[in-house]
Amino acid sequence: MTDHQDLYAELLDVAVEAASRAGALLRDGRPAHLGVAATKSSAVDVVTEMDLAAEKLITEVLSERRPDDGLLGEEGASREGSTGIRWVVDPLDGTVNYLYGLPAWCVSIAAELDGEAVVGVVEIAPRGERVHAVRGRGAYLNGRALAVRPAPPMDQALVATGFGYLRDRRAHQAEVVAALLPRLRDIRRGGSAAVDLCDVAAGRLDGYFERGLNPWDYSAGALIAAEAGALVAGRPGAPAGPELTVAAPQGLFEPLQEALEQLGAWHD
């Protein structure tokens with residue numbers, strides 16, 4: 001850890017600059033009428049333009065501050081690096097929420113060192129919240145240290161999830177939720193994986209699971225949840241990934257993961 005302390009501090013500084021500037025752009029640049037645009041396509045076009053503008057801004061910050069690093073961005077920005085650092089960027093996680101004016105959207109930026117996330121920043125601009133974590137040094141919301149809730153019994157757990165865009169996948173995800181719901185306190189569907197993972201870290205949710213996430217969806221949020229004390233993984237014995245991502249404190253994680261395995265939450 002000490003070997004990389006200065007590097008991690010620099011990466012965090014860069015991530016905060018990029019995420020805060022992109023969050024402000026998205027918040028301040030969103031037309032007030034967006035949710036009631038004349039046609040669906042015109043509203044979606046505006047969201048796409050804002051998404052691309054945010055990624056362009058983030059890419060410019062990263063290129064200026066860390067020109068030799070690699071990059072993986074949701075909207076197509078990608079480059080190989082030579083430093084062992086790769087930035088994993090979602091310029092607007094929760095686009096449908098953004099379209100409708102719901103506050104659960106964010107900018108998510110993670111820095112990976114040799115394939116492992118070491119810095120994560122999630123800028124939840126409509127809430128005025130900046131959540132960050134550095135590997136081995138904890139997770140923070142606006143400077144306040146975060147810790148997951150103590151694990152409740154599974155039947156008292158509030159768990160979030162999300163649904164994919166593909167029809168067959170959504171149908172199976174609905175079946176999983178229908179089977180799981182009677183075994184929990186309740187289920188939430190917030191619409192942003194990164195925000196949900198931060199809410200697990202902040203104790204606002206007991207757990208979270210989702211199939212079909214991409215690295216830019218979970219990289220920063222998973223580090224934040226883990227640094228706040230959550231277990232974060234995929235199927236039993238597998239890391240979090242597109243097949244399945246599960247986050248919860250020890251004691252809830254195990255029965256939740258087991259239930260999801262039995263219900264086939266990891267396949268369509």
Side-chain angles (χ1 to χ4, degrees), residues 1-27 54-74 77-79 81-94 105-148 192-203 215-230 232 240 247:
M1 181 70 210
T2 54
D3 294 346
H4 297 300
Q5 195 159 345
D6 290 345
L7 172 62
Y8 291 175
E10 179 187 349
L11 296 176
L12 177 61
D13 186 59
V14 173
V16 166
E17 179 188 349
S20 61
R21 288 177 58 184
L25 173 77
L26 290 163
R27 181 192 63 225
E55 179 156 293
K56 182 173 183 288
L57 188 158
I58 292 166
T59 303
E60 288 172 352
V61 171
L62 298 179
S63 296
E64 181 182 330
R65 299 279 305 269
R66 301 276 311 180
D68 299 322
D69 293 346
L71 175 66
L72 175 66
E74 182 185 13
S78 182
R79 65 169 183 256
S82 58
T83 62
I85 301 293
R86 182 177 76 158
W87 296 92
V88 184
V89 175
D90 193 337
L92 176 53
D93 188 39
W105 58 265
C106 68
V107 179
S108 175
I109 301 177
E112 296 177 345
L113 174 60
D114 299 328
E116 179 182 60
V118 295
V119 167
V121 174
V122 175
E123 185 83 7
I124 313 175
R127 290 187 186 173
E129 295 182 352
R130 177 176 305 146
V131 194
H132 83 268
V134 175
R135 181 164 295 280
R137 291 167 60 182
Y140 297 84
L141 191 163
N142 291 349
R144 174 175 61 86
L146 295 181
V148 294
S192 163
V195 172
D196 284 345
L197 286 162
C198 288
D199 283 346
V200 171
W216 48 80
D217 296 315
Y218 64 81
S219 189
L223 176 63
I224 288 165
E227 285 295 320
V232 183

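Numbers here are sequence positions counted from 1.
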Should [X] and [Y] count as side-chain neighbours, where that means a heavy-atom distance under 4.5 Å?
{"X": "Leu62", "Y": "Asp69", "answer": "no"}
{"X": "Val195", "Y": "Asp93", "answer": "no"}
{"X": "Ile58", "Y": "Trp87", "answer": "no"}
{"X": "Leu12", "Y": "His132", "answer": "yes"}
{"X": "Thr83", "Y": "Arg66", "answer": "yes"}

Please check this pair: side chain of [X] against backbone of [Y], looking for a donor-acceptor N/O pair closer than 3.5 Å.
{"X": "Glu227", "Y": "Arg137", "value": "yes"}
{"X": "Arg130", "Y": "Val121", "value": "no"}
{"X": "Asn142", "Y": "Gly128", "value": "yes"}

So which atom in [X] and which in [Y] form the shortest heavy-atom distance, rounded to 0.1 Å?
{"X": "Ala220", "Y": "Val122", "answer": "CB-CG2, 4.0 Å"}
{"X": "Ala225", "Y": "Val232", "answer": "CB-CG2, 4.0 Å"}
{"X": "Val119", "Y": "Leu11", "answer": "CG2-CB, 4.0 Å"}
{"X": "Ala193", "Y": "Asp217", "answer": "CB-O, 3.9 Å"}

Notebook entry, point to check: Which is it for His4 and Leu113 under the side chain to side chain contact (heavy atoms under 4.5 Å, CB included) test, yes or no, and what are the steps along the way?
Noted result: CA-CA 10 Å; His4 297 300; Leu113 174 60; 3.8 Å; yes
Check: What's the verdict on side chain to side chain contact (heavy atoms under 4.5 Å, CB included) for Leu7 and Ile85, showing C-alpha distance, side-chain angles and the deciding distance?
Finding: CA-CA 10 Å; Leu7 172 62; Ile85 301 293; 4.1 Å; yes
With rounding to the nearest 0.5 angstrom, report the [atom1] to [atom2] distance, [X] to [Y].
{"X": "Leu141", "Y": "Arg127", "atom1": "CG", "atom2": "CZ", "answer": "8.5 Å"}
{"X": "Ser192", "Y": "Ile124", "atom1": "OG", "atom2": "CD1", "answer": "7.0 Å"}
{"X": "Glu60", "Y": "Lys56", "atom1": "CD", "atom2": "NZ", "answer": "3.5 Å"}

Checklist line | Stepwise side-chain hydrogen bond (donor to acceptor under 3.5 Å, both in side chains) test for Asp68 and Ser82 | finding: CA-CA 6 Å; Asp68 299 322; Ser82 58; 4.7 Å; no
Side-chain donor-acceptor pairs of residues 105-112 under 3.5 Å, sequence neighbours excluded:
residue	atom	partner	partner atom	Å
Glu112	OE1	Arg86	NE	3.2
Glu112	OE1	Arg86	NH2	3.2

Check: side chain to side chain contact (heavy atoms under 4.5 Å, CB included) between Leu197 and Ile224: does it pass, once the steps are laid out?
Finding: CA-CA 7 Å; Leu197 286 162; Ile224 288 165; over 6 Å; no
Margin query: Evaluate Val61 against Leu57 for side chain to side chain contact (heavy atoms under 4.5 Å, CB included), listing each step before the verdict.
Written below: CA-CA 6 Å; Val61 171; Leu57 188 158; 4.0 Å; yes
Next item on the list: Taking side-chain contact (heavy atoms from CB on, under 4.5 Å) as the test, write out the residues that go with Ser63, two or more places apart.
Entry: Thr59, Arg79
